[in-house]
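Small disclaimer: the values here were computed from a predicted structure and weren't measured. All residue numbers refer to positions in the sequence shown, counting from 1.
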Amino acid sequence: MQGIRNLFRSAWSSAERLEDKTVVITGANTGIGKETAIDLAKRGAKIIMACRDMERGEAAKKEVIESSGSENVLCMKLDLADSKSIREFAEAINKDEPKLNILVNNAGVMVCPYGKTADGFEMQIGVNHFGHFLLTHLLIDLIKRSAPARIITVSSIAHSWSSMNLEDINSEKSYDKNRAYSQSKLANVLFTRSLAKRLEGTGVTTYSLHPGVVQTDLWRHVNAPTRAIMKMVSPFTKNSCQGAQTSIYCAVEPSLDKESGGYYSDCAPANCSAAGKDDVVAQKLWDMSCQMLSLSNLDIE
């Protein structure tokens with residue numbers, strides 16, 4: 001019902017300014033990440049585009065500068081499929097940036113063939129969850145010093161189509177690309193929930209969201225029948241600019257200042273699945289993530 005109600009809400013817009021704010025956006029060289037970068041740059045923020053492919057990243061940076069009219073845009077190398085790259089990126093941010101007010105965990109891979117990250121994780125859970133978990137962990141002290149601050153993680157309605165298989169998180173016993181994608185998006189919702197609890201009272205708030213069914217590069221791995229369906233429903237899908245609106249809403253909407261840990265869609269609170277509210281599984285996932293990433297600090301104090 002929430003989704004139907006949201007269809008009839010007037011489009012969200014805000015004149016909120018972000019001067020003196022610093023924003024990191026992962027996967028900002030394409031799709032909704034790039035549109036988020038353009039919008040937040042227009043609002044006066046310093047934008048750090050964290051991109052795996054620096055050639056495409058630099059091209060996108062030019063586009064963000066031209067579209068926003070802001071020169072305060074950087075492009076930095078970040079490969080979320082490699083913990084070494086994540087650590088190098090975080091080290092550079094911690095060294096060079098006095099503050100980090102908004103972190104948008106936007107990058108993702110979707111329904112790709114089975115593959116592994118540099119650290120041996122299944123690619124979808126590795127990039128979509130473990131990569132962002134590690135990145136957030138390494139930047140959290142800077143984010144807390146910059147409070148009020150926000151951490152936004154782009155999930156999907158697909159989170160509700162699966163459960164967490166903690167006994168086989170890397171899909172080594174069997175691999176279903178759709179299930180693995182859904183599991184990674186559920187992990188995003190649970191991570192946001194866990195993070196909110198650990199950050200209570202710090203002035204740092206967290207949000208996960210469904211951007212809508214968006215026409216982006218992410219669909220390149222879907223099979224021919226799914227592509228045909230996507231073509232048929234394309235009049236009802238969102239372009240990248242429309243798809244970025246809920247990310248932008250979670251980044252700037254003043255009324256969310258006191259909200260944390262929730263799930264959003266169409267620039268409004270939305271209902272996540274029952275699995276997305278399971279605090280026992282959320283805690284197990286948190287502990288497992290710390291263990292698998294060799295993080296000795298099991299909690300963000």
**Prompt:** For Lys62, does the NZ atom have more than 12 heavy-atom neighbours from other residues, nucleotides or ligands under 6.0 Å away?
**Reply:** no

**Message:** For His132, give me all partners under ring-ring contact (aromatic ring centres under 6.0 Å, His included), at least two apart in sequence or on another chain.
**Reply:** none

**Item:** Donor-acceptor pair, side chain of Asn106 and main chain of Thr26, under 3.5 angstrom
**Value:** yes

**Prompt:** How far apart are the C-alpha atoms of Lys177 and Gln124, what are their side-chain angles, what is the distance that settles it, and do they pass the side-chain contact (heavy atoms from CB on, under 4.5 Å) test?
**Reply:** CA-CA 8 Å; Lys177 62 186 182 180; Gln124 298 188 83; 4.1 Å; yes

**Request:** Mind checking side chain to side chain contact (heavy atoms under 4.5 Å, CB included) for Lys258 and listing every partner two or more places apart, or none if nothing turns up?
**Result:** none

**Message:** Treating Asp279 as the side-chain partner and Ala282 as the backbone partner, does any N or O pair qualify as donor plus acceptor under 3.5 Å?
**Reply:** no

**Item:** salt bridge (Lys or Arg N to Asp or Glu O under 4.0 Å) pairs, two or more places apart, involving residues 161-173
**Value:** Lys116-Glu172

**Message:** Could you tell me if the side chain of Ser260 sits less than 4.5 Å from the side chain of Leu199, heavy atoms only?
**Reply:** no

**Asked** Which ILVMFWY residues can you reach from Tyr175 by hopping between side chains whose heavy atoms are under 4.5 Å apart?
**Response** Tyr114

**Request:** Report yes if the side chains of Ser162 and Tyr181 come closer than 4.5 Å at any heavy-atom pair, otherwise no.
**Result:** no

**Message:** Looking at Lys185 and Val154, would you say the former's side chain and the latter's main chain have a donor-acceptor pair under 3.5 Å?
**Reply:** yes

**Prompt:** Does CD belonging to Glu71 count more than 12 external heavy atoms closer than 6.0 Å?
**Reply:** no

**Asked** Rounded to the nearest 0.5 Å, what separation is found between the CG atom of Asn188 and the OG atom of Ser208?
**Response** 7.5 Å

**Message:** Assess the residue pair Phe121 and His129 against the criterion (side-chain contact (heavy atoms from CB on, under 4.5 Å)); give the C-alpha distance rounded to whole Å, side-chain angles, the decisive distance to 0.1 Å, and a yes or no.
**Reply:** CA-CA 10 Å; Phe121 305 134; His129 170 64; over 6 Å; no

**Message:** Do Thr136 and Leu195 have side chains that approach each other closer than 4.5 Å (heavy atoms only, starting at C-beta)?
**Reply:** yes

**Message:** Applying side-chain hydrogen bond (donor to acceptor under 3.5 Å, both in side chains) to Asn128 and Ser184, what does each step give before you reach the verdict?
**Reply:** CA-CA 6 Å; Asn128 299 352; Ser184 73; 2.9 Å; yes

**Request:** Identify the two heavy atoms, one from Ala187 and one from Ile125, that lie closest to each other, and give their separation to 0.1 Å.
**Result:** CB-CD1, 4.1 Å

**Prompt:** Taking only residues at least two apart or on different chains, which pairs with a member in residues 92-103 satisfy salt bridge (Lys or Arg N to Asp or Glu O under 4.0 Å)?
**Reply:** Lys46-Glu97

**Message:** Which residue is it: Asp257, Thr206, Asn101? I am looking for the one with a side-chain hydrogen bond (donor to acceptor under 3.5 Å, both in side chains) to Arg150.
**Reply:** Asp257

**Request:** Find out whether Met49 and Ile47 are in side-chain contact, i.e. whether some heavy atom of one side chain is under 4.5 Å from a heavy atom of the other.
**Result:** yes

**Message:** For a quick test of reading the model, state the closest non-hydrogen atom pair linking Leu166 to Met288 and the distance between them.
**Reply:** O-CE, 3.0 Å

**Message:** How long is the straight-line distance from OG1 of Thr36 back to CD1 of Ile248, given to the nearest 0.5 Å?
**Reply:** 5.0 Å

**Item:** Donor-acceptor contact present, side-chain Asn94 to main-chain Leu138, <3.5 Å
**Value:** yes

**Fill in**
Between Glu35 and Ala244, the two heavy atoms sitting closest are CB-CB, 3.7 Å

**Ser182 side, atom OG; Asp176 side, atom CG - distance, nearest 0.5 Å** = 8.5 Å

**Message:** Is the distance between the ring centroids of Tyr263 and His159 under 6.0 Å?
**Reply:** yes

**Request:** Show your reasoning for whether side-chain contact (heavy atoms from CB on, under 4.5 Å) applies to Leu103 and Leu135.
**Result:** CA-CA 10 Å; Leu103 170 62; Leu135 178 67; 4.2 Å; yes

**Message:** Could you check whether any side-chain N or O of Ser273 sits under 3.5 Å from a backbone N or O of Ser160, counting only pairs where one atom can act as donor and the other as acceptor?
**Reply:** no

**Asked** Can you get from Leu190 to Trp161 by hopping between Ile, Leu, Val, Met, Phe, Trp and Tyr side chains that sit under 4.5 Å apart?
**Response** no

**Message:** When you compare the side chain of Ile48 with that of Val23, does any pair of heavy atoms fall below 4.5 Å?
**Reply:** no

**Request:** Please tell me if the side chains of Val252 and Leu40 come closer than 4.5 Å, counting only heavy atoms from C-beta onward.
**Result:** yes

**Residues Ile86, Leu78; criterion side-chain contact (heavy atoms from CB on, under 4.5 Å); working and verdict** = CA-CA 6 Å; Ile86 298 167; Leu78 172 65; 3.9 Å; yes

**Item:** Single-linkage hydrophobic cluster Leu186~Ile157, side-chain heavy atoms < 4.5 angstrom
**Value:** no

**Asked** How long is the span from the CD atom in Glu16 to the NZ atom in Lys21, to the nearest 0.5 Å?
**Response** 9.0 Å

**Prompt:** Is there a donor-acceptor contact under 3.5 Å from the side chain of Lys77 to the main chain of Phe89?
**Reply:** no

**Request:** State plainly whether one hydrophobic cluster holds both Phe191 and Val189, where clusters connect Ile, Leu, Val, Met, Phe, Trp and Tyr through side-chain heavy atoms under 4.5 angstrom apart.
**Result:** no

**Message:** Is it true that, when you exclude Glu91 itself, more than 12 heavy atoms of the residues, nucleotides or ligands shown sit nearer than 6.0 Å to its CD?
**Reply:** no

**Request:** Say whether Met54 and Val64 are linked into one hydrophobic cluster, either directly or through other cluster members, by side-chain heavy-atom distances under 4.5 angstrom.
**Result:** no

**Message:** I'd like to know if the side chain of Asn170 and the backbone of Glu122 have a donor-acceptor N/O pair within less than 3.5 Å.
**Reply:** yes

**Cation-pi geometry met for Arg198 and Trp286 (6.0 Å, 45°)** = yes

**Request:** With rounding to the nearest 0.5 Å, note down the distance linking CG in Asn105 to CD1 in Ile152.
**Result:** 8.5 Å

**Asked** Quick one: does Asp266's side chain get under 4.5 Å of Gln245's, heavy atoms only?
**Response** no

**Item:** Evaluation steps, side-chain hydrogen bond (donor to acceptor under 3.5 Å, both in side chains), between Ser247 and Tyr249
**Value:** CA-CA 5 Å; Ser247 295; Tyr249 167 82; over 6 Å; no

**Complete:** Residues Leu134 and Ser83: closest non-hydrogen pair is CD2-CB, 3.7 Å

**Prompt:** Which heavy atom of Pro211 sits nearest a heavy atom of Ser155, and at what distance?
**Reply:** CD-O, 3.5 Å

**Item:** Contacts of Arg145 that satisfy salt bridge (charged side-chain N to carboxylate O under 4.0 Å, His left out) - sequence neighbours left out
**Value:** none

**Prompt:** With a 4.5 Å limit on heavy-atom distance, are the side chains of Val24 and Ile102 in contact?
**Reply:** no

**Straight-line distance of Lys277 NZ to Cys272 SG, nearest 0.5 Å** = 5.0 Å

**Prompt:** Quick check: does any side chain N or O of Gln183 sit under 3.5 Å from a backbone N or O of Ile169, one acting as donor and the other as acceptor?
**Reply:** yes

**Request:** Heavy atoms only: give me the nearest Gln283-Ser194 pair and the separation to one decimal.
**Result:** N-OG, 4.4 Å

